[in-house]
Undergrad: 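The structure under discussion is supplied below as structure tokens; questions concerning it will follow.
Indexing begins at 1, ligand by ligand and atom by atom, following the structure's order.
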Amino acid sequence: MNKITVSIALGAAALFLAGSASAQVKPEDQIKYRKAAYSFASWNMGKIKANIDGAYDAAQVRAAADAVAAVAGSGLGALFGPGTEKAIGDQKTAVKPELFQNGAEVAKLAGNFATAAAALVKAADSGDAATVKTAFGDVGKTCKACHDQFKARN
Ligand code: ASC
């Protein structure tokens with residue numbers, strides 16, 4: 001890992017552990033924002049997949065990779081604060097309660113997501129579809145690793 005990747009990973013881990021930042025955001029809004037963040041990342045992952053499978057537009061792939069990396073590096077851990085382990089009113093969540101008992105593991109998974117997303121941006125810079133395909137697969141694995149452990153509905 002290079003210096004930037006390490007600092008992104010550590011930043012993601014630190015932000016997960018520093019749950020106090022979430023005190024500013026109401027629990028139901030934490031759930032709303034985190035679902036919006038993952039949905040936005042998923043939309044951008046879908047765009048990259050469409051480029052890999054069809055006509056490849058390097059600028060669109062780069063923009064989408066930037067968006068995924070921005071989400072991954074945004075300190076999402078702050079949106080998993082106390083009281084967000086189950087639905088609040090209309091704000092449903094697929095998170096498993098176990099996530100809240102496994103901070104170190106979650107920080108590791110979040111760091112892996114941020115590291116892989118940063119690598120996807122680098123791959124997108126190359127403009128090479130095959131390079132992007134590999135890096136895209138790596139990001140997808142980090143998504144799945146967390147879903148397998150901590151997401152109830154997949
Ligand atoms: C995506 C996306 C996910 C993950 C997951 C990986 O592109 O929207 O939720 O990758 O499918 O297994």
Undergrad: Using a strict 4.0 Å cut-off to heavy atoms of S42, name the atoms of ligand 1 that fall inside it.
TA: 2 (C), 8 (O)
Undergrad: Could you measure the distance from the OG1 atom of T84 to the NZ atom of K32? Nearest 0.5 Å is fine.
TA: 14.5 Å
Undergrad: My question is simple, although I want it checked carefully: is atom 12 (O) of ligand 1 less than 4.0 angstrom from any protein heavy atom?
TA: yes
Undergrad: With a cut-off of 4.0 Å, which atoms of ligand 1 are near a heavy atom of G140?
TA: 6 (C), 12 (O)
Undergrad: Taking the minimum heavy-atom distance to atom 10 (O) of ligand 1, which of C143, C146, A145 ranks first?
TA: C143
Undergrad: Please say whether more than 12 non-hydrogen atoms of neighbouring residues, nucleotides or ligands are located less than 6.0 Å from NZ in K133.
TA: no
Undergrad: Decide whether Y38 and I31 are clustered together by the hydrophobic rule: side chain heavy atoms of Ile, Leu, Val, Met, Phe, Trp, Tyr closer than 4.5 Å, transitively.
TA: no
Undergrad: Quick check on D90: does its CG atom have over 12 non-hydrogen neighbours (other residues, nucleotides or ligands) under 6.0 Å away?
TA: no
Undergrad: Considering only heavy atoms of H147, which atoms of ligand 1 have at least one such atom less than 4.0 Å away?
TA: 9 (O)
Undergrad: Out of curiosity, does V121 fall in the hydrophobic cluster containing I48 (side-chain heavy atoms, cut-off under 4.5 Å, transitive links)?
TA: no
Undergrad: Side chains of F100 and V106, heavy atoms from C-beta outward: is any pair under 4.5 Å?
TA: no
Undergrad: Tell me the contacting part of K141 for ligand 1: side chain, backbone, both, or neither, using a 4.0 Å heavy-atom threshold, strictly below.
TA: neither
Undergrad: Would you mind running through ligand 1 and noting each atom that sits below 4.0 Å from a heavy atom of M45?
TA: 7 (O)
